[in-house]
Amino acid sequence: MKLLTVIGARPQFIKASAVSRAIQAENARSERLHEVIVHTGQHFDANMSKVFFEELSIPEPGYHLGIASLGHGAMTGRMLESIESVVLKEKPDVMLVYGDTNSTLAGALAAAKLHVPMAHVEAGLRSFNKRMPEEVNRILTDHVSDLLFCPTQTAVDNLVNEGITGGVHLVGDVMYDVTLHYRDLAAELHSLEKWEVTEKGYALCTVHRAENTDDATRLQGILGALRDIAVEIPVILPLHPRTRKIIDGMGQPEALRGLTVLEPLSYLEMLRLEMSARIILTDSGGVQKEAFFHRVPCITLRDETEWVETVEMGWNVLVGADREAIIGAWQRPHIRVEVAQVYGDGDAAGRMVKHVARLSDGSKN
Ligand code: UD1
Ligand code: UDP
């Protein structure tokens with residue numbers, strides 16, 4: 001059975017690593033799944049792409065499409081055209097797409113148009129804000145998917161509300177699989193001394209969402225709050241290239257004053273810094289969840305989240321991008337409750353691969 005995996009952005013490499021590992025485990029029992037990876041090229045810097053393939057032992061892509069740095073229409077359209085050619089050549093039995101980027105939507109449309117059964121990893125998430133490009137990508141992808149692998153019960157409920165019930169599986173969160181698999185190695189390989197910080201003695205921050213980077217008021221609000229926090233404890237900010245370009249373009253060297261600004265980190269470095277942070281501030285979907293996996297309080301620099309459980313359990317607060325609101329959240333203690341296994345048991349990828357493999361037996365999914 002041939003699986004065609006379409007990935008292109010940093011979080012997708014991380015998620016796909018767990019599924020590739022589960023495919024190899026399934027094949028150790030009975031050799032029957034052959035994965036071909038298509039890298040759309042959306043993320044292309046070595047520290048946004050290659051490092052994850054090396055560090056997480058992701059199989060070398062069969063295809064590199066080299067499509068990046070374009071507007072949404074051009075990027076998605078060119079990816080669709082190129083993926084279609086690959087699908088016609090490879091004739092896969094099933095396609096896998098991940099998350100909610102332009103690479104996800106292009107892969108999903110190619111599968112739907114060529115009638116290739118398609119599985120969506122991280123199906124059913126909603127922010128209910130259609131101004132987010134990701135919300136449009138995930139709604140459209142879910143509506144053409146045959147297998148919908150949901151990380152949470154909330155995601156299953158969202159699909160039911162849109163009339164999608166067939167092929168829906170609550171499997172758990174694949175990023176939780178990756179965290180469990182690598183957290184000991186991250187602690188072993190990377191000492192906090194490397195960043196000159198101590199256990200629970202620093203804040204970790206990431207910012208890359210278009211709604212924050214492309215709105216000067218929001219970006220200034222976030223950076224102002226980070227500078228205020230940095231007066232009290234070190235603030236480590238590994239900068240996404242999107243954010244780096246925009247801050248460089250502002251021509252305000254003082255914007256990052258007092259912050260420990262780093263290049264994007266490898267996954268193991270990021271994991272290491274997450275697990276010992278006193279607090280995490282982020283607009284990333286993945287980083288919000290990882291904060292919870294490590295039981296580190298999180299301040300989310302957005303007005304809504306797809307990961308509502310983290311907020312309900314008190315580990316995450318939604319504050320948006322207002323400087324005073326962020327500082328208020330930083331000063332207020334979080335109140336936390338524990339709910340067992342809300343993101344699964346660390347074997348989401350194993351379950352997904354079993355469902356996919358069942359397609360080849362003709363079993364009902
Ligand atoms: C994309 C996803 C977003 C996801 C994020 C993960 C879409 C619409 N957005 O946002 O959902 O959360 O990835 O990180 O698909 N760039 C570089 N080097 C790189 C990668 C990007 O310089 O390796 C630059 C691009 O040239 C572009 C900017 O960063 O100018 C934005 O890249 P793009 O892939 O369009 O969107 P992201 O903001 O990365
Ligand atoms: N990440 C990383 N290095 C960094 C920043 C983030 O490895 O410098 C990891 C992070 O631990 C998480 C994933 O990238 O696993 C999240 O991706 P990102 O924030 O780019 O996208 P999102 O999850 O918001 O779509």
Side-chain angles (χ1 to χ4, degrees), residues 6-18 39-52 55-56 66-76 79 97-107 122 125 127 131-138 140-141 151 173-179 181-183 186 190 195 204-214 236-249 261-275 277 280 282-291 293-294 296 300-302 305-307:
V6 179
I7 48 181
R10 172 167 70 187
Q12 297 171 327
F13 308 138
I14 295 164
K15 292 166 201 170
S17 75
H39 186 324
T40 61
Q42 182 168 350
H43 286 175
F44 50 89
D45 291 339
N47 57 18
M48 293 292 289
S49 173
K50 188 164 179 265
V51 67
F52 301 103
E55 193 172 66
L56 309 180
I67 301 165
S69 309
L70 297 163
H72 291 290
M75 191 192 289
T76 313
M79 286 176 183
V97 299
Y98 290 80
D100 53 21
T101 72
N102 290 343
S103 299
T104 315
L105 179 60
E122 251 187 22
L125 297 175
S127 65
R131 291 184 60 81
M132 280 179 78
E134 293 85 359
E135 182 77 351
V136 176
N137 290 342
R138 52 171 95 100
L140 296 177
T141 299
D173 188 277
V174 73
M175 292 187 95
Y176 186 45
D177 297 16
V178 190
T179 294
H181 190 79
Y182 284 107
R183 65 181 173 188
H190 298 291
W195 297 285
L204 177 66
C205 178
T206 73
V207 186
H208 75 274
R209 292 268 160 208
E211 74 209 45
N212 286 330
T213 60
D214 298 7
I236 300 183
L237 177 64
L239 262 193
H240 189 286
R242 172 188 206 102
T243 319
R244 165 80 71 182
K245 280 183 192 170
I246 288 171
I247 294 176
D248 287 351
V261 178
L262 306 176
E263 291 300 310
L265 297 167
S266 80
Y267 179 73
L268 294 181
E269 289 172 324
M270 186 66 186
L271 207 60
R272 180 68 194 92
L273 281 173
E274 285 174 345
M275 63 177 80
I280 291 177
T282 191
D283 60 8
S284 157
V287 176
Q288 281 175 64
K289 257 182 308 169
E290 287 167 347
F293 298 157
H294 301 299
V296 172
T300 291
L301 308 168
R302 289 180 51 197
T305 182
E306 301 76 23
W307 306 104

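Note that ligands are numbered from 1 as they come in the structure, with each ligand's atoms numbered from 1 the same way. Computed from heavy atoms alone, side chains included, the values below leave out hydrogens, waters and symmetry copies.
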Residues two or more places apart in sequence or in another chain: which of them pass ring-ring contact (aromatic ring centres under 6.0 Å, His included) with His190?
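Counting only residues at least two positions away or on another chain, His190 forms no ring-ring contact (aromatic ring centres under 6.0 Å, His included).
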Phe293: what forms a ring-ring contact (aromatic ring centres under 6.0 Å, His included) with it, not counting sequence neighbours?
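Scan of Phe293 (ring-ring contact (aromatic ring centres under 6.0 Å, His included), adjacent residues dropped) gives Tyr176, Tyr343.
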For [atom], what's the nearest protein heavy atom and its distance?
| atom | result |
| --- | --- |
| atom 22 (O) of ligand 1 | Lys245 NZ, 3.3 Å |
| atom 4 (C) of ligand 1 | His208 NE2, 3.8 Å |
| atom 17 (C) of ligand 1 | Phe44 CZ, 3.3 Å |
| atom 10 (O) of ligand 1 | His43 NE2, 4.3 Å |
| atom 36 (O) of ligand 1 | Arg242 NH1, 3.5 Å |

If the cut-off is 4.0 Å to any non-hydrogen atom of [X], which atoms of ligand 1 fall inside it?
| X | result |
| --- | --- |
| Met75 | 35 (O) |
| Glu134 | 3 (C), 9 (N), 11 (O) |
| His240 | 14 (O), 37 (P), 38 (O), 39 (O) |
| Ser69 | 25 (C), 26 (O) |

For ligand 1, find out whether one of its N or O atoms is nearer than 3.5 Å to an N or O atom of [X].
| X | value |
| --- | --- |
| Thr101 | no |
| Ser103 | no |
| Pro241 | no |

Pick from Pro241, Ser284, Pro264: which one makes a side-chain contact (heavy atoms from CB on, under 4.5 Å) with His208?
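Per the side-chain contact (heavy atoms from CB on, under 4.5 Å) rule, the option paired with His208 is Ser284, out of Pro241, Ser284, Pro264.
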Kindly determine whether Glu290 and Val296 satisfy side-chain contact (heavy atoms from CB on, under 4.5 Å), including the steps that lead there.
CA-CA 8 Å; Glu290 287 167 347; Val296 172; over 6 Å; no
Answer whether the closest heavy-atom distance between the side chains of [X] and [Y] falls below 4.5 Å.
| X | Y | result |
| --- | --- | --- |
| Leu271 | Arg183 | yes |
| Arg244 | Val261 | yes |
| His43 | His240 | yes |
| Leu56 | Tyr182 | yes |
| Met275 | Thr179 | no |

Got a donor-acceptor contact below 3.5 angstrom from the Thr104 side chain to the Thr101 backbone?
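Yes.
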Would you say the side-chain atoms of Asp177 pair up with the backbone N or O of Ala18, donor to acceptor, closer than 3.5 Å?
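Not at all, since once roles are kept as given, no pair shorter than 3.5 Å links the two residues.
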Between Arg302 and Glu134, is the closest basic N to carboxylate O distance under 4.0 Å?
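Salt bridge flag = no for Arg302 with Glu134.
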Hey, looking at atom 23 (O) of ligand 1, which of Asp45, Asp100, Thr206, Thr213 has the closest heavy atom?
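Result: the heavy atom closest to atom 23 (O) of ligand 1 is in Asp45.
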Closest by any non-hydrogen atom to atom 33 (P) of ligand 1: pick that one out of Gln12, Gln42, Arg138.
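Result: the heavy atom closest to atom 33 (P) of ligand 1 is in Gln42.
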Measure Met48 to ligand 1 on non-hydrogen atoms and call it side chain, backbone, both or neither using the 4.0 Å cut-off.
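The side chain, only.
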Is it true that Pro11 lies under 4.0 Å from ligand 1, counting heavy atoms only?
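It does; at least one heavy atom falls under 4.0 Å.
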Non-hydrogen atom of His72 closer than 4.0 Å to ligand 1
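Yes, His72 has a heavy atom closer than 4.0 Å to ligand 1.
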Which residue pairs pass the salt bridge (Lys or Arg N to Asp or Glu O under 4.0 Å) test with at least one member in residues 266-275, sequence neighbours excluded?
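Listed by first then second residue: Lys194-Glu269.
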Do Thr282 and Thr206 meet the criterion of a side-chain donor-acceptor pair at a distance under 3.5 Å?
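There is such a pair between these side chains.
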For ligand 2, list the protein residues that place a heavy atom within a distance below 4.0 Å of one of its atoms, sorted by chain and number.
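Around ligand 2, where the cutoff is 4.0 Å for heavy atoms, the contacting residues are Arg10, Pro11, Ile14, Phe52, Met175, His208, Arg209, Pro238, Pro264, Leu265, Ser266, Tyr267, Met270, Glu274, Ser284, Gly285, Gly286, Val287, Glu290.
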